[in-house]
Asker: 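My questions will all concern the structure given below.
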Amino acid sequence: MILVMRGHDFFYEIESLCRLFYPYVKFEYTENQPEEEDFLLAVIERGADEDRYLAAARAGGEVRETEERAGKTGEKEEKRLLAALLFGILSDLTGKKPLWGILTGIHPVKTFRLLSEEIGEEAAARYFSERYFVSDEKISMARRTLSHQRKYLQAMDPKSFALYLSVPFCPTRCSYCSFVSQSVEKSRKLIPQYVKLLCRELSGTGKIARELSLNMTSVYLGGGTPTVLTAQELDEVLSAVRESFDFSSCGEFTVEAGRPDTITREKLRVMKSHGVDRISINPQSMNENVLRAIGRRHSAKEIIDAFYLAREEGFDNINMDLIIGLPEDTPESFSQTLSALVELSPENITVHALALKHAAQMMQDSDREYHKNEGVNEMAAASVSVLGEAGYEPYYLYRQSRMAGNLENIGWCRPGRECAYNIATMEEIESIIACGAGGVSKIIDFSRDLIRRVFNFKYSYEYVSRHDEIMARKEEVRDLFLAIGKNPDMFK
């Protein structure tokens, strides 16, 4: 479909809005309205004293158009005005009214929090409703989530950071996955060298953290599936973390065990010996048909067995992930999955809405239209009801493009069991230093309200072959921390 845009450079924001209504359509940009093809139009005509905002659409033989005039205003309001006009047209044309309104960003709770700090929470709720067209249901969820983050928001410190390290390997690649993780079948030979170089990066990064007297508040080992490593390899990585960083201010150490077919008693004991106090065991579904459909090679029973094995080894803070909208799943079978997890009673349950990117195998399957997302809203409503009744509360929330039902991912926890790393990452209240392939360090300058990013190479083979460049980029992390803050002596 053709996107006609002139008079502004809000291309990303407008395309993101259009994807709420046409998630799997390929868009092409132009400045001129086509004569015959379907199109979406978002134009600002600049005047001396006021501007004219125009939105129009033609799809399936139907045409809609509208406009509004407004005095000179800031960029934020320009984006909102244009998006609001286009949202109204597309809602009318498609019959869809996305529950998050015109909000398309990853961090809606952060947006609500900042607005609340500026005008008060009640006024922010009205603004979300009247200006962003967010539903009462989603406003309520944003407020509930924010209420469980407040104690973490008070602790923002420019010298603190969370450590993320990536192990981008999995036993097999799930059909919905678009991450850069590789299956062990194809990359086993690469893993020993990857582990060696990851330990080298951890050592260099730890040296920088010590030199600057930074305070590490949490550690998150993600992937991929880190427990695809052997017990010895896992021990090497965790030893490097312990040897390289000061843990005196660290309150949380997470390893995403993820796949139950990678969890063994020996690996659990290795993690425990290094002080890992939170793990994930992620079923995605407890339905055997769904597990087969997404390419998992384990059963629901193996999930339960892995969970109880972790309990036997003393892990009392376990997260379990679910995905809404998977193939072969139905509202009925999803409810059975919810019931099974509530019975296990993990401390965290994270409910994701399926978000398919072009790299996912499911997107290549022309025989199935996964984007229809039948029943996803019913599944989402069930998760809110069931988990709430079981004593879980939402503590972090984020969104992605092309999400089933234009929904969100919500982390639920037992009281007092919030994951500090998840909150810090999604609310962008703490710097993140990342090691490993695909890692992105985000250094936050609170005094200037800026986030600077330093990217590691995306793929593991690049990480290995160009590792000296990875180490050089850690010097960029040092320089960014040195530039932070109004006090030039903060890190002396």
Side-chain angles (χ1 to χ4, degrees), residues 160-170 179-182 184 187 190-210 214-247 249-259 262 267 270-280 282 319 419-422 424-425 430-443 453-464 466-467 469-471 473-474 476-478:
S160 72
F161 74 98
L163 176 67
Y164 177 81
L165 42 156
S166 166
V167 175
F169 306 100
C170 283
F179 290 127
V180 295
S181 56
Q182 298 172 282
V184 172
S187 56
L190 187 64
I191 291 179
Q193 182 70 357
Y194 182 91
V195 167
K196 177 182 177 181
L197 294 175
L198 178 59
C199 292
R200 178 190 179 205
E201 185 185 6
L202 286 167
S203 177
T205 304
K207 182 180 179 181
I208 291 171
R210 291 192 302 274
L214 301 180
N215 304 312
M216 185 175 73
T217 61
S218 64
V219 181
Y220 195 103
L221 174 53
T225 306
T227 44
V228 79
L229 301 180
T230 65
Q232 180 179 342
E233 290 165 341
L234 191 60
D235 182 66
E236 289 177 37
V237 172
L238 296 179
S239 294
V241 176
R242 278 285 172 184
E243 292 165 4
S244 302
F245 293 90
D246 179 1
F247 271 73
S249 59
C250 183
E252 179 183 279
F253 194 164
T254 298
V255 172
E256 193 162 336
R259 295 275 290 264
T262 66
K267 292 178 188 179
V270 166
M271 289 186 275
K272 200 69 178 175
S273 71
H274 289 287
V276 173
D277 55 9
R278 182 179 182 274
I279 64 171
S280 288
N282 300 331
N319 172 73
C419 174
Y421 174 85
N422 287 336
T425 303
E430 186 175 59
S431 294
I432 308 294
I433 300 180
C435 297
V440 181
S441 295
K442 296 196 299 184
I443 313 306
R453 291 172 171 82
V454 179
F455 295 84
N456 279 6
F457 292 119
K458 192 173 184 180
Y459 298 101
S460 54
Y461 64 85
E462 288 181 293
Y463 181 84
V464 168
R466 302 172 66 182
H467 194 73
E469 293 175 62
I470 293 286
M471 299 303 292
R473 291 183 186 188
K474 282 295 175 286
E476 294 181 48
V477 171
R478 172 195 274 117

Asker: So which heavy atom on Ser160 is nearest to which on Glu430, and how close?
Answerer: OG-OE2, 2.9 Å
Asker: Okay, side chain of Thr262, backbone of Arg259: is any donor-acceptor separation there less than 3.5 Å?
Answerer: yes
Asker: Is a donor from one side chain sitting under 3.5 angstrom from an acceptor on the other, for Thr225 and Glu256?
Answerer: no
Asker: Taking the side chain as every heavy atom from C-beta outward, state whether Leu163 and Ser218 have any pair of such atoms under 4.5 Å apart.
Answerer: no
Asker: Side chains of Glu252 and Tyr220: donor-acceptor distance under 3.5 Å anywhere?
Answerer: no
Asker: With sequence neighbours left out, write down each residue that passes side-chain hydrogen bond (donor to acceptor under 3.5 Å, both in side chains) with Ser431, or none if nothing qualifies.
Answerer: none
Asker: With a 4.5 Å heavy-atom cut-off, do Val219 and Thr254 have their side chains touching?
Answerer: no
Asker: Check step by step if side chain to side chain contact (heavy atoms under 4.5 Å, CB included) holds for Thr217 and Tyr421.
Answerer: CA-CA 8 Å; Thr217 61; Tyr421 174 85; over 6 Å; no
Asker: Is a side-chain N or O of Arg242 found less than 3.5 angstrom from the main chain of His274, in a donor-acceptor match?
Answerer: yes
Asker: Do Val440 and Val454 come within less than 4.5 Å of each other through their side chains, counting heavy atoms only?
Answerer: no
Asker: Could you check whether any side-chain N or O of Arg466 sits under 3.5 Å from a backbone N or O of Tyr461, counting only pairs where one atom can act as donor and the other as acceptor?
Answerer: no
Asker: Is there a donor-acceptor pair closer than 3.5 Å between any side-chain N or O of Lys267 and the backbone N or O of Leu229?
Answerer: yes
Asker: Do Leu234 and Leu221 have side chains that approach each other closer than 4.5 Å (heavy atoms only, starting at C-beta)?
Answerer: yes
Asker: Excluding sequence neighbours, so at least two apart, what forms side-chain hydrogen bond (donor to acceptor under 3.5 Å, both in side chains) with Asn319?
Answerer: Ser280, Asp321, Thr350
Asker: Hey, are Asn456 and Glu462 close enough side-chain-wise for a donor-acceptor pair under 3.5 Å?
Answerer: no
Asker: Set out, in order, the CA-CA distance, both residues' side-chain angles and the distance that settles side chain to side chain contact (heavy atoms under 4.5 Å, CB included) for Ile433 and Leu214, then state yes or no.
Answerer: CA-CA 11 Å; Ile433 300 180; Leu214 301 180; 4.3 Å; yes
Asker: Can you give me the closest heavy-atom contact between Leu202 and Cys435, atom names plus distance?
Answerer: CD2-SG, 4.0 Å
Asker: Where the side chain of Asp277 meets the backbone of Phe253, is there a donor-acceptor pair that is under 3.5 Å apart?
Answerer: yes
Asker: Do you know the tightest heavy-atom contact between Ser203 and Ser244?
Answerer: CA-OG, 3.4 Å
Asker: Please answer whether the main-chain N or O of Gly439 pairs with a side-chain N or O of Ser166 as donor and acceptor at a distance below 3.5 Å.
Answerer: no
Asker: Can you give me the closest heavy-atom contact between Pro226 and Gly222, atom names plus distance?
Answerer: CG-O, 3.3 Å
Asker: Taking Tyr463 as the fixed residue, which of Phe457, Phe455, Tyr194 is the one that meets the ring pair (Phe, Tyr, Trp, His ring centres under 6.0 Å) rule?
Answerer: Tyr194
Asker: So do Ser441 and Arg453 actually touch side chain to side chain, heavy atoms under 4.5 Å?
Answerer: no
Asker: Among residues at least two apart in sequence or on other chains, which ones pass salt bridge (charged side-chain N to carboxylate O under 4.0 Å, His left out) with Arg200?
Answerer: Asp468
Asker: Within the side chain of Thr205, is there an N or O that forms a donor-acceptor pair under 3.5 Å with the backbone of Glu201?
Answerer: yes
Asker: On a heavy-atom basis, which atom in Met271 and which in Leu238 lie closest, and how many Å separate them?
Answerer: CA-CD1, 3.9 Å
Asker: Rounded to the nearest 0.5 Å, what separates atom SG in Cys199 from atom CG in Leu165?
Answerer: 9.5 Å
Asker: State whether the number of non-hydrogen atoms from other residues, nucleotides or ligands found under 6.0 Å of Lys196 atom NZ is greater than 12.
Answerer: no
Asker: Provide the closest heavy-atom pair for Asp246 versus Met216 in the form atom of the first, atom of the second, distance.
Answerer: O-CE, 3.8 Å
Asker: Side chains of Thr230 and Glu233 only: does a donor on one sit below 3.5 Å from an acceptor on the other?
Answerer: yes
Asker: So, does Ser273 use its side chain to make a donor-acceptor pair with the main chain of Val270 at under 3.5 Å?
Answerer: yes
Asker: Just wondering, are more than 12 heavy atoms of other shown residues or ligands nearer than 6.0 Å to CD in Glu469?
Answerer: yes
Asker: Within the 4.5 Å heavy-atom criterion, are Val477 and Ile443 side-chain neighbours or not?
Answerer: yes
